[in-house]
Amino acid sequence: MKIASWNVNSVGARLPRVLDWFSEARPDVCVLQEIKCVDEKFPAEAFEDLGYDVHVHGQKTYNGVALLSRHPVEDVRRGLPEYEDEHSRYIEALIVPEDAAPLRVGGLYLPNGNPAPGPKYDYKLAWMEALEAHAKRLLATEEAFALGGDYNVIPNESGVYDPSRWLGDALFRIESRQAYRRILNLGLTDALPQLMGEPYYTFWDYQRGAWDKNNGLRIDHWLLSPQAADRLEAGGVDAGVRDPNTGSPEAKPSDHVPVWVEIA
DNA sequence: ATGGTCGTGGGACGA
């Protein structure tokens, strides 16, 4: 099963490019972040035409997440359990394929947290604590699960083009990296670095020619439970969709690219 | 040194 995550930075503005990628990549399941629309405005039919069931946890203007699946899903949850959140940043479902073992998939859009320090950074750290608590609960079930999304955390120096310049940023501050490591240390596997031979990025800012200079960040991740990690077969980053000079001229690229794993 | 980019919505704000 191919499980993908993509921060599309508005599904409405991005639709031609998103559909092109879906047609080519054919993920079995995909979680989307920053759809920037309410549930009713999500272009569900376009994805249903490609064979997907559509589940949305939307929000006007900001945030918003969705989970699309070509296999039956059960037990859809919106928002992190036991955490009051004004933002739509989490969606989860149990995927129940007919020809493979079940897999629980969570899609998340972790708060950016800038400027740091400050209330927005406090919110980021609180959100990470709630995610850790949820991961702990899921681990106790001994289910196979995968948590993918825009974590807005650069885990280490290989995830940023100029580490020294990012030390004070909410994405790279030591407290953010510690909180990320605490989640991993529960027993989860950061899947993509296990599979990628070289350092890689998943985001390039729109500003300052970041794409042309390859000034990227690694902030989109897939974290796997032990039972899911044992089934991990492949993974990748579709960086090509970030190129503004290729693909559909009807839309500009997102600043993030899809990241995916294959789980037996 | 400064401004440089997007998306939303129709002015700032978030990223």
Checklist entry - Hey, does A:Arg173 have a side-chain heavy atom less than 4.5 Å from the side chain of A:Pro117? => result yes
Item to check | Within residues 169-194 of chain A or reaching into it, pairs that qualify as ring-ring contact (aromatic ring centres under 6.0 Å, His included) - sequence neighbours excluded | outcome: A:Tyr151-A:Tyr180, A:Tyr180-A:His221
Item to check | Nearest-angstrom distance from the residue atom CG of A:Asp255 to P of B:dG4 | outcome: 18 Å
Checklist entry - According to the ring-ring contact (aromatic ring centres under 6.0 Å, His included) rule, which pairs have a member within residues 7-35 of chain A, sequence neighbours left out? => result A:Trp6-A:Trp21, A:Phe22-A:Phe47, A:Phe22-A:Tyr52
Next on the checklist: Distance alone, cut at 3.5 Å: any donor-acceptor contact between the side chains of A:Lys36 and A:Asn9?
Outcome noted: yes
Item to check | A:Asp169 CG - B:dA15 C1' separation (whole Å) | outcome: 11 Å
Next on the checklist: Give the residues of residues 150-163 of chain A touching DNA chain B, defined as any heavy atom closer than 4.0 Å, sorted by residue number.
Outcome noted: none
Checklist entry - Restricting to pairs with a member in residues 39-55 of chain A, which pass salt bridge (charged side-chain N to carboxylate O under 4.0 Å, His left out), not counting sequence neighbours? => result none
Checklist entry - Whole-Å distance between B:dA15 P and A:Leu217 CG? => result 15 Å
Item to check | Sequence neighbours excluded - salt bridge (charged side-chain N to carboxylate O under 4.0 Å, His left out) pairs with any residue from residues 151-171 of chain A | outcome: A:Asp162-A:Arg165
Item to check | A:Gln33 CD - B:dA15 C1' separation (whole Å) | outcome: 14 Å
Checklist entry - Can you list every ring-ring contact (aromatic ring centres under 6.0 Å, His included) pair that touches residues 89-119 of chain A, not counting sequence neighbours? => result A:Tyr90-A:His134
Checklist entry - CH2 of A:Trp211 versus P of B:dC6: gap in Å, rounded? => result 14 Å
Item to check | Nearest-angstrom distance, C1' atom, B:dG11 to B:dG7 | outcome: 14 Å
Next on the checklist: Between B:dA12 and B:dA1, how many Å separate the two C1' atoms, rounded to a whole number?
Outcome noted: 25 Å
Next on the checklist: Tell me the interatomic distance from A:Glu34, atom CD, to B:dG14, atom C1', rounded to whole angstroms.
Outcome noted: 8 Å
Item to check | Most 5' of A:Arg208 and A:Lys120 on DNA chain B, judged by nearest nucleotide | outcome: A:Arg208
Checklist outcome for this item: Nucleotide by nucleotide, nucleotides 7-12 of chain B touches protein heavy atoms under 4.0 Å in the pattern (B base, S sugar-phosphate only, - none) SSS---
Item to check | Where at least one partner belongs to residues 240-264 of chain A, residue pairs that pass ring-ring contact (aromatic ring centres under 6.0 Å, His included), sequence neighbours excluded | outcome: A:Phe203-A:His256
Next on the checklist: What's the gap between B:dC13 and B:dG9 when it is taken at their C1' atoms, as a whole Å value?
Outcome noted: 11 Å
Next on the checklist: Rounded to whole Å, please give me the gap between CG in A:Asn7 and P in B:dC6.
Outcome noted: 16 Å
Next on the checklist: Using a heavy-atom cut-off of 4.0 Å across all strands, would you classify A:Tyr109 as base, sugar-phosphate, or nothing?
Outcome noted: sugar-phosphate
Item to check | Rounded distance in Å between the P positions of B:dT2 and B:dC6 | outcome: 23 Å
Item to check | Set of salt bridge (Lys or Arg N to Asp or Glu O under 4.0 Å) partners for A:Arg89, sequence neighbours left out | outcome: none
Checklist outcome for this item: Separation of B:dC6 atom P from A:Gln207 atom CD, nearest Å, is 9 Å
